[in-house]
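The next block holds one structure in the form of structure tokens; read it before the comments.
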Amino acid sequence: MSKVITPKEQDYSQWYNDLVIKAGLADYSAVRGCMVIKPYGYAIWEKMQSVLDGMFKATGHSNAYFPLLIPKSFFAKEASHVEGFAKECAVVTHYRLKNSPDGIIVDETAKLDEELIIRPTSETIIWNTYKSWIQSYRDLPLLINQWANVVRWEMRTRLFLRTAEFLWQEGHTAHATREEAVEETEKMLGIYAEFAEKWMSMPVIKGTKTESERFAGALETYCIEAMMQDCKALQAGTSHFLGQNFAKAFDVTFLNKENKPELVWATSWGVSTRLMGALVMTHADNEGLVLPPLLAPIQVVIVPIFRDEEQLKKINEVVGNIRKGLTEQGISSKYDTDDNRSPGWKFAEYELKGIPLRIGIGPKDLEKGTVELYRRDTRQKQFVPVDGLDRYIKNLLAEIQENLFKKALDLRETNTVKVDNYADFKDILDKKGGFILAHWDGTAETEEKIKEETKATIRCIPLNNIVEEGKCIYSGKPSKQRVIFAKAY
RNA sequence: CGGGAUGUAGCGCAGCCAGGUUAGCGCACACGCUUGGGGUGCGUGAGGUCGCGAGUUCGAAUCUCGCCAUCCCGACCA
């Protein structure tokens, strides 16, 4: 009724906005460009956090926390880093308010000697700190992660995909050798890819960015790219090899085994609440959200169908046993006995929320010893005996997790094409979009021209790419490999 | 920051052009009955500085001017 969402075929952006709002993931806030993450959305983010955090810990990383506010001078120390972020920094200039006839105003006498930048990312404050933590090769590697909020003053924002403030994790590591730092960068990319594919059921392509898409201050930026249902690309995570740029800027050296000073090698890597947007745009449909079981705050919802207290009481008994079985299998469930809502209303509501499985149970089921089981991903119903239901559901949840991945992979594969001339390239972008594998001469000029003319950018140069001779689709110059072009979020 | 549009109840809108009783409607909300296997139906009720500020007028949601905010489309970006 009031909760209908715009069909995605009609207006994909509106569909996305409706879904995020109506499924209760987030809300617009009083602050321009900032959003409120609502409990249901935050519960999903917490699941993501907890899985990722476990993966970071398992690979030897520790969490720490660095300040939100960064002295302006720190930013100036790494030239390309400043340049990259300068345009979107929020700046704190004063530290006091006062009363005036016009109300509360900034107290001009309380001006900071040095302005503070609200972190858009923490490399500078962290490397300033690492200087005092690192003296010897014995202090390395230093493997730190932080969960934090950051602010980037964006011109145009979209819920989860691009907001002025967002939540993320940023890993910052220090190493004795270049090889070790590169290895770390690739290892973390691997963790992101594994998380995306296994937990989010979202297939990704691992690759490196071109110079123009590279992180400000990095020597190499690795990324995972996913295809959304509208065939546009979304960068879902990045991992940067920073070389010695920040070590130089902040004078971070260590004594090696030969007692000689050397500059430290650095990496940084992050994923953000943008993953929430990726999750929505990878699986959701016109009925609402579709959550992969491994990230669903509630995996099974149970809706009783009853006329009176007596019937409900009988249902309660059976449901009690079912839930006990589910808990033993490590499956989370919710039993909704609210009698102000009709079963039909609840069905629609839990579909909107993307809960993977729904059990419907009423008088007819009690007689037959069955329940009605509804799969959110395929929207199919089946009747299943109560006996052995928990094990059945456990398998089914795994199957759903797998099926979601396959569906998303199918979409990507049918919308990925090799193209060898610019006319076809433009034609495909106009008609259906998707990922285009094409030869590129390796120059920023060509990349820029193609972007201007078609809005498509080079999403990445896939890792382990096949070496093949070819000609750049734009300039005709020789090329040794294909790169992925797409329109992106 | 340019181009376009919109601000009326929590949300979605009508009313405005042709100013005139008490500003309506749908959803949501509260209460009662009803219903319950795909958003049940009926009744009752509560809820408004008509974005803000000036002006014109006997009288402004409606006309004029200014301001503010939001959304869409561009330029910029995880």
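In the text below, chain A, chain B and the rest are named by the order of the sequence lines, each starting its count at 1. Please read all numbers here as calculations on a predicted model, not as lab measurements.
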[N] [atom2] sits how many Å from [X] [atom1], rounded?
{"X": "A:N340", "N": "B:rG32", "atom1": "CG", "atom2": "P", "result": "10 Å"}
{"X": "A:D18", "N": "B:rG12", "atom1": "CG", "atom2": "P", "result": "11 Å"}
{"X": "A:L352", "N": "B:rG38", "atom1": "CG", "atom2": "C1'", "result": "14 Å"}
{"X": "A:E165", "N": "B:rA78", "atom1": "CD", "atom2": "P", "result": "18 Å"}
{"X": "A:R341", "N": "B:rU40", "atom1": "CZ", "atom2": "P", "result": "9 Å"}

Base, sugar-phosphate or nothing for [X]? Non-hydrogen atoms, less than 4.0 Å.
{"X": "A:K364", "answer": "base"}
{"X": "A:T157", "answer": "nothing"}
{"X": "A:R158", "answer": "nothing"}
{"X": "A:S272", "answer": "base"}
{"X": "A:F166", "answer": "base"}
{"X": "A:F306", "answer": "base"}
{"X": "A:L234", "answer": "nothing"}
{"X": "A:F85", "answer": "nothing"}
{"X": "A:Q235", "answer": "sugar-phosphate"}
{"X": "A:K381", "answer": "base"}

Practice prompt. Give a yes/no on whether any side-chain N or O of A:R156 is located under 4.0 angstrom from OP1 or OP2 of B:rC73.
Written response: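 Checking B:rC73 against A:R156, a side-chain N or O does come within under 4.0 Å of OP1 or OP2.
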
Worksheet item: According to a strict under-4.0 Å criterion, is A:S342 in side-chain N/O contact with OP1 or OP2 of B:rU40?
Response: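 Yes, because at least one side-chain N or O of A:S342 sits under 4.0 Å from OP1 or OP2 of B:rU40.
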
Rounded distance in Å between the [atom1] positions of [N] and [M]:
{"N": "B:rA23", "M": "B:rC13", "atom1": "C1'", "answer": "14 Å"}
{"N": "B:rC11", "M": "B:rC58", "atom1": "C1'", "answer": "38 Å"}
{"N": "B:rA60", "M": "B:rG53", "atom1": "P", "answer": "14 Å"}
{"N": "B:rA61", "M": "B:rC52", "atom1": "C1'", "answer": "14 Å"}
{"N": "B:rU62", "M": "B:rG55", "atom1": "P", "answer": "14 Å"}
{"N": "B:rG10", "M": "B:rA28", "atom1": "C1'", "answer": "7 Å"}

Discussion item. Can you say whether a donor on the side chain of A:R358 sits under 3.5 Å from an acceptor on the base of B:rG38, or the other way round?
Written reply: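 It does, because a donor-acceptor pair links the side chain of A:R358 to the base of B:rG38 below 3.5 Å.
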
Discussion item. What I want to check is whether an N or O donor and acceptor connect the side chain of A:D339 with the base of B:rG36 at under 3.5 Å.
Written reply: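 Absent.
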
Worksheet entry | Residue that, paired with A:V371, satisfies side chain to side chain contact (heavy atoms under 4.5 Å, CB included) out of A:I361, A:I393, A:V318 |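 That would be A:I361.
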
Worksheet item: So what's B:rG36 paired with, Watson-Crick or G-U wobble, going by both distances under 3.5 Å?
Response: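 Base partner found: none.
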
Item to complete: Hunt down the Watson-Crick or G-U wobble partner of B:rG7, both distances under 3.5 Å, from any strand shown, or write none.
Response: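 Partner of B:rG7: B:rC68.
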
Worksheet item: Checking A:K353 against A:Y40: charged group under 6.0 Å from the ring centre and within 45 degrees of the axis?
Response: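 Geometry flag: set, cation within 6.0 Å and 45°.
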
Worksheet item: Just checking, A:R358 and A:Y374: is the charged tip under 6.0 Å from the six-membered ring centre and within 45° of the axis?
Response: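 Yes - A:R358 lies over the ring of A:Y374, closer than 6.0 Å to its centre and within 45° of its axis.
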
Item to complete: To the nearest 0.5 angstrom, please state how far the CG atom of A:L389 sits from the OG1 atom of A:T370.
Response: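 The OG1 atom of A:T370 is 10.0 Å from CG of A:L389, to the nearest 0.5 Å.
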
Worksheet item: Strictly by modelled atom types, are A:S212 and A:R214 linked by a side-chain donor-acceptor pair under 3.5 Å?
Response: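 Distance-only check fails for A:S212 and A:R214.
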
Worksheet item: Looking at A:A23 and A:L289, what are the two nearest heavy atoms and their distance?
Response: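 Closest pair (atom of A:A23, atom of A:L289, distance): CB-CD2, 4.2 Å.
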
